[in-house]
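Here's the structure, in structure tokens; my notes come after.
In listed order, ligands and their atoms are each counted from 1.
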Amino acid sequence: MRVYNFSAGPAMLPLPVLERARSELTDWQGSGMSVMEVSHRGKAFVETARRAEATLRELLAVPANYRVLFLAGGATLQFSAIPMNLAPPGATVDYVHTGAWSKKALGEAGRYARVNVAADAKDSGYFAIPPEASWRRDPSAAYLHYTPNETIGGVEFPFIPDSGSVPLVADCSSTILSRPLDVARFGLIYAGAQKNIGPSGLTLVIVREDLLGRARDGTPSVLDYRAVAAEGSMLNTPPTFAWYLAGLVFDWLKGEGGLAAMERRNREKAETLYRYIDASGFYSNPVAPACRSWMNVPFRLAVAGLEQRFAEEAAREGLTNLEGHRSVGGMRASLYNAMPLEGVRALVGFMSEFARRNG
Ligand code: PMP
């Protein structure tokens, strides 16, 4: 029995993707082996890898002057790889601090560069995005980094910052592929796979070509974007199964109508849940309405101490992983691409029933 899994990541994957992977698990493309057992340098895998990239490029309309890298190490490793590649020693880098993940990103960057916190959402309790006009950027910064969607806080940028000639760098881990994105606005986009792309263990980097070849001395080759790009992300053995599965997810997305269709679906899912929360009188979401995440919806209950019961009863109804992040408590429902509207409707149904019994 499949449940509606509201986890923030690793997250729910589309059932047709899992079924396809299962059907070819033990004998992939007539090889008599699983895709996990074939050489990453063999013709069949190289073609699969190439196709995955091509489909991703098509979905996101990635311009020709961008390279797509399929890497290991999670988004967290990119917190270091980015300053190692883009900030020369002694450089200043701009970071917008909007929550837990931007804090981690700027903490790592501080080991390699001087971090200028161009804006800090502290005054709003990290429940809103500081208006761009209030940011204090360093005109000489090597890049401007931000986190379009804060997975824990459920706070999302309603705009793409205008970084001028400074490369814009975005941690799109929890928002990539949820709607169309104008890639040309960015110098570099990165995302851990385990939300909207596929299994954990894979990280996508989409980087403008002119930013390759700037890695500082001492950067490990596997973190040097130019070296990795030159080898087609196969400088060493890539996470082959995750890459293959990401390709299946990209095919699924295309079959579902691409990112414009995802945008319509995701908007409806998020609006359904927020509308219910706001009207319920029992649940609340603390985020400024203009900055509410479509992907991660944190909410609190009006009566303290009921969180565990809520999560347990929900799980019995097949609605799982609704506990908030351990650092903030409360509840959180993540609504990535693979979560259907029916899952959100089932959640709202459970929530209203729970409120009726406990309100
Ligand atoms: N950035 C964001 C926005 C995230 O949500 C996460 C993981 N939840 C990370 C970075 C860290 O990703 P990873 O575990 O792949 O290193």
Side-chain angles (χ1 to χ4, degrees), residues 5-13 69-84 93 95-111 115 121 126-127 129 143-158 160-161 168-179 181 186 188-206 222-223 233 238-239 241-243 245-246 249 266 270 287 291-298 321-339:
N5 173 10
F6 292 92
S7 170
M12 195 166 170
L13 285 164
L69 310 179
F70 289 78
L71 308 175
T76 301
L77 192 55
Q78 296 308 312
F79 294 164
S80 301
I82 287 161
M84 291 175 110
V93 291
Y95 276 72
V96 183
H97 182 192
T98 48
W101 288 110
S102 54
K103 185 174 180 199
K104 290 204 168 159
L106 72 89
E108 284 295 297
R111 306 172 61 191
V115 171
Y126 298 98
F127 293 136
I129 304 296
Y143 60 83
L144 169 66
H145 179 284
Y146 80 114
T147 310
N149 184 64
E150 287 281 0
T151 319
I152 296 174
V155 179
E156 185 171 290
F157 277 68
I160 297 176
L168 182 62
V169 175
D171 175 0
C172 289
S173 294
S174 51
T175 182
I176 196 163
L177 301 177
S178 66
R179 74 207 81 175
L181 184 67
F186 298 86
L188 186 149
I189 291 166
Y190 66 107
Q194 61 271 26
K195 299 147 196 317
N196 265 338
I197 297 169
S200 61
L202 176 72
T203 310
L204 275 188
V205 169
I206 303 174
V222 291
L223 297 185
S233 302
F241 185 77
W243 193 335
L245 208 93
V249 170
N266 288 327
V287 178
C291 308
R292 284 174 164 183
S293 169
W294 288 8
M295 295 285 105
N296 313 99
V297 182
N321 288 312
L322 284 158
E323 296 87 350
H325 190 268
R326 61 188 186 279
S327 63
V328 292
M331 318 307 304
R332 174 176 53 168
S334 294
L335 315 177
Y336 300 118
N337 287 340
M339 175 62 66

Just going by heavy-atom distances, which of K104, M295, Q194, E150 is nearest to atom 14 (O) of ligand 1?
-> Q194
Counting from 1 in the order shown, the ligand 1 atoms closer than 4.0 Å to a non-hydrogen atom of G74 are 15 (O), 16 (O)
Can you tell me if Q78 has a non-hydrogen atom under 4.0 Å from ligand 1?
-> no
At their closest point, which heavy atom of N266 faces which heavy atom of L335, and how far apart are they?
-> OD1-O, 3.9 Å
Against heavy atoms of S173, which atoms of ligand 1 measure under 4.0 Å?
-> 1 (N), 2 (C), 3 (C), 4 (C), 10 (C)
Would you say N149 and ligand 1 have an N/O pair spaced under 3.5 Å apart?
-> no
Side chains of Y336 and N296: donor-acceptor distance under 3.5 Å anywhere?
-> yes
For ligand 1, which atoms have a heavy atom of F79 less than 4.0 angstrom away?
-> 10 (C)
Determine yes or no for a side-chain-to-main-chain donor-acceptor pair under 3.5 angstrom, with S200 supplying the side chain and P10 the backbone.
-> no
Assign the ring pair Y126 / H97 to parallel, tilted or perpendicular, where the plane angle (0 to 90°) is split at 30° and 60°.
-> tilted
For T76 and E108, what are the C-alpha separation, side-chain angles and deciding distance, and is it a side chain to side chain contact (heavy atoms under 4.5 Å, CB included)?
-> CA-CA 9 Å; T76 301; E108 284 295 297; 5.5 Å; no
Do you know the tightest heavy-atom contact between P161 and L144?
-> CB-CD2, 4.3 Å
Can you tell which of G153, A75, G73 gets a heavy atom nearest to atom 13 (P) of ligand 1?
-> A75
In short, S334 meets A8 closest at the heavy-atom pair OG-CA, 3.2 Å
Report the relative orientation of the aromatic rings in W101 and F79; use parallel for angles under 30°, tilted for 30 to 60°, perpendicular for over 60°.
-> tilted
If you have a sec, work out which protein heavy atom is nearest atom 16 (O) of ligand 1 and how many Å separate them, to one decimal?
-> T76 OG1, 2.5 Å
Which atoms of ligand 1 have any heavy atom of T151 under 4.0 Å away?
-> 2 (C), 3 (C), 4 (C), 5 (O)
Would you say K195 has any N or O atom under 3.5 Å from an N or O of ligand 1, going by distance alone?
-> yes
Note the single closest protein heavy atom to atom 1 (N) of ligand 1, along with its residue, its atom name and the distance in Å.
-> D171 OD2, 2.6 Å
When only distance counts, is T147 in polar contact with ligand 1, meaning an N/O pair under 3.5 Å?
-> no
